[in-house]
2 protein chains.
Amino acid sequence: MSDVSGLLDSIKLDKKSKIPMYIQLYNILKEMILQGTLLPDFQLPSVRQFRDLLQINQVTVVSALKLLENEGYVYKKQGSGTFVSRSIPAAYNNASADVNPISDELYQQDDVFLISNGQIKVGPDTVNFASATPTPDLFPVEDFRKVLDEVLERDRGNAFGYQDSQGFYPIRESILGILRKSNITATPESIQIISGAQQGIDIISKALLAQGDYVVTESPTYTGALAVFKSRGAHIVDIEMLEDGPDLDIFEYNIKKYRPKLVYSIPSFQNPTGYSYSNNKRREIIDLSVKYDFYILEDDYVSDLDFEGRNYLPLKAIDTHDRVIFIKSFSKIFMPGLRLGFMIVPYKLTNIILQAKHTTDISTSGLIQRAFDLYIRKGYWDKHFKFMFNIYKERYFKINQALDSYLPASVKFSRPGGGLNIWLSLPYGFPIETLIRQAASEDIVFAPGRIFYSSPHVQKLDNIRLSFASVYIEQIEDGIKKLCDMISRLQSSKIENRRVPLL
Amino acid sequence: MSDVSGLLDSIKLDKKSKIPMYIQLYNILKEMILQGTLLPDFQLPSVRQFRDLLQINQVTVVSALKLLENEGYVYKKQGSGTFVSRSIPAAYNNASADVNPISDELYQQDDVFLISNGQIKVGPDTVNFASATPTPDLFPVEDFRKVLDEVLERDRGNAFGYQDSQGFYPIRESILGILRKSNITATPESIQIISGAQQGIDIISKALLAQGDYVVTESPTYTGALAVFKSRGAHIVDIEMLEDGPDLDIFEYNIKKYRPKLVYSIPSFQNPTGYSYSNNKRREIIDLSVKYDFYILEDDYVSDLDFEGRNYLPLKAIDTHDRVIFIKSFSKIFMPGLRLGFMIVPYKLTNIILQAKHTTDISTSGLIQRAFDLYIRKGYWDKHFKFMFNIYKERYFKINQALDSYLPASVKFSRPGGGLNIWLSLPYGFPIETLIRQAASEDIVFAPGRIFYSSPHVQKLDNIRLSFASVYIEQIEDGIKKLCDMISRLQSSKIENRRVPLL
């Protein structure tokens, strides 16, 4: 208790300041955590202690703690209090704080970052189950070069001028053809060109979210989206992703409770789980969006990689009330480095989203837009899509077959039916970090499941994600076999050494 | 008063909510303004009335009104109260509000948007003093095509893979050569590649600013930056830009009062005024940044277009304490549609800025980075810079000469010495909107000064900005003569019709 009052003595709030009290308290505690004054697992004073000793409102304390928790600085233990997190999110470091080395949180961003930062070493012989991005040898360099050349010949300097912020009009037309195959009808006026899906999420957040707003997401989910929402100061309400989509009763309960402006969803072959919403749940979530007046951000990650004929309907295709913002990147099928994607924007939102795009980077590269437009119009896109589809499909069946053959019975997974990821659920308490190290020593890499959760206190530790976008067909069987052998060995050594019974 | 209590009756605040009270009040009032329940020029209840009838803290009311004012929803009249603004900022429209047509505020974004949205019509014969962007006929299409081709030949698919979020390493090296000419020393590790200056401002805001933080800017200034700061929920403190930079006593007073995290500055040939900080003021502002612990975002707009040998030192060149974030786009000299620029980031900030870049769009197009790197290394950049410098320089002297010859004595301007803009100060009360219409009818366009202010209540109405990046040398004398004639005529008719004496 002397500790606590010492801590509370050092907190000075300015009641006359224009900065709200809860933000002041949040800032001071954050600073103490970042500077190491408060160490990991340190128990913070109780709400009551804060209230009485600082003479502030209880709501102020709760709001400040909630914000810290949402941003991952602290975690709660039911019934025992609030504690400083073990890993501090680098993204929210204060400018005045000292430099952190590339931290564990940064590494947790997503697979791209994970690799590009050397946290996972990928060499020429690596069996890469970590990356959900195609390898450069599959890129259609020659065809793209042809269209680039043709555009430069045709448009000259105009290819390099400022582009309309909404996007080059012809490509907004040519995209409609691609959409028709997914049963989505749209108009060029509803299309917004973006520099990749990540930018799309960022722009929508700018347009729709203010500090303190709520966003509902699946859990686990794409961490690049979580990072954006947190950076806007939004609170994240995460709902467990089941094999046929979230439990919609729990979903509705949370919608009623938090009244979110936005629901972020990857309904088909979700990242990281590979799970998909049933068509019933798709219809129901659309109905809920009308009933409770929220928008759904549908991240169409890889819905077109449907290898087993599941024929899921994109939410946008059944969205008769214009509640869905549909977002698609060309990265997974085409070339990630192009930085090109698009959104279909509900009519009511076109203006604010256009302005948010303008504020973000004025426009996407006109040269790239023009080249890609021609690439679609010349039929190269269709051709390349089929090429990639077949390559991924072959790998999909191969990896499923290998898992069926070699995976110990204690590890659970379900065939996703498509996409690029498979989600393995290992037994409770399995030493995944040891598995990562052992696999790396055999030049096999994959993504630990924990990186896909919105904060440490909801993190599950017993999953791994296997992706097959960057792994070659010849590597799959042997790679999976080795991995499964390691899992079996670790599991039995764990059982021998266990102190508590496994569940 | 019955009006007021009726209004206040309809405001329901939830004291148990986790959303701070001032944010709740702000949201409700904003909604009423957006939905037209509160009409333009409607006087809001006084702080006291709000306080007494809603039974809330006075600080809560003041905070909510301040936020509304900062975002342009309301304006204050000294001594008489707070009123609903006449033009509502589209950027902050709530998702649930109805669609606004492209509004005046959107048009006020900046010259690019102004033109790309057809608010200013630019035809083939237009004398375009509105745009500060080069025309496509000046773009080095052939040379760029050569390097594009060479890169595709050299790097194949790697040119299209995900790029390091900080940027392609070789271009971070080749940029150092360009910087050396501005007396700036840097390392590849301190360079962050961005998709244009606008994105740089957005990324820095994400990394450094939270809702309620203060940012100091010059006034008037680049509105694209203002839009970003507002979108982060930051408060803008604007300080008048004088011919040799802001008054540093006023500046320091505001720094002490608001303790901003960031100061946004365009120290050389500022946009829109063309004014530059004296070298003394440059040194002083750096000293202040150390004394008061803020960062300076130096937007190096066109400092290298120094036509009269002013030899200003970039802030970054004299920044011995690593307080300056230097940002540069290649748009004004090179090709705006490329979406390429860079920042020099202080060592302490490299990690958080890298993460903010990653959250924003993962990376800038690898193909464009690789091509531009080669463009620099082959000496094309130096060659093209000299070419553009000479073209702009010729126009600069021509427009100054024409203004010296034709401008009525009542209109003031000072030779900026460089850059792309000239700022005219017309007599108080001059009918600028009429001038815009008359000029447009003769196919002459320019930017009204009012669009460069952070909110309606600080807006000055008596300036125009003339840019010469998009106007041809042959058009300048005749265009300026016509414009000056119109100004003279409007001024004398105004004097005849005036009801109050001109100051």
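Values reported hereafter were calculated over all heavy atoms of this structure, with side chains retained and with hydrogens, waters and symmetry mates removed. Below, chains carry the letters A, B, ... as their sequence lines are ordered, and counting in each starts from 1.
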Results of side-chain hydrogen bond (donor to acceptor under 3.5 Å, both in side chains) for Gln199(A) - residues two or more places apart only
Ser195(A), Lys357(A), Asp361(A)
Report which part of Glu153(B) has an atom under 4.5 Å of a heavy atom belonging to chain A: side chain, backbone, both, or neither.
both
Thr364(B) and Arg339(A): which non-hydrogen atoms are nearest, and at how many Å?
C-CG, 4.1 Å
Between Thr359(B) and Gln198(A), the two heavy atoms sitting closest are O-NE2, 2.7 Å
With only heavy atoms counted, which part of Phe139(B) is less than 4.5 Å from chain A, the side chain, the backbone, both or neither?
side chain
So which part of Thr135(B) gets closer than 4.5 Å to some heavy atom of chain A, the side chain, the backbone, both or neither?
neither
With a 4.5 angstrom heavy-atom cut-off, is it the side chain or the backbone of Ile368(B) that approaches chain A, or both, or neither?
side chain
Checking heavy atoms, do the side chain of Thr60(A), its backbone, both or neither come under 4.5 Å from chain B?
neither
Taken in chain and number order and not counting sequence neighbours, the residues that satisfy side-chain hydrogen bond (donor to acceptor under 3.5 Å, both in side chains) with Ser470(B) are Ser131(B)
Under 4.5 Å from any heavy atom of chain A, what part of Asn158(B) do you find: side chain, backbone, both or neither?
both
Would you check if Arg156(B) and Arg145(A) make a side-chain contact, meaning some heavy-atom pair closer than 4.5 Å?
yes
Does the side chain to side chain contact (heavy atoms under 4.5 Å, CB included) test come out yes or no for Ser231(B) and Gln355(A), once each step is laid out?
CA-CA 11 Å; Ser231(B) 153; Gln355(A) 176 130 3; over 6 Å; no
One option among Asn57(A), Asp149(A), Leu367(A), Leu148(A) has the most heavy-atom pairs under 4.5 Å with chain B, and it is Asp149(A)
On a heavy-atom basis, the closest approach of Lys206(B) and Asp202(A) is NZ-OD2, 2.8 Å
Among the options Ser365(A), Pro336(A), Pro346(A), Gly366(A), pick out the one with the most heavy-atom pairs lying under 4.5 Å from chain B.
Pro336(A)
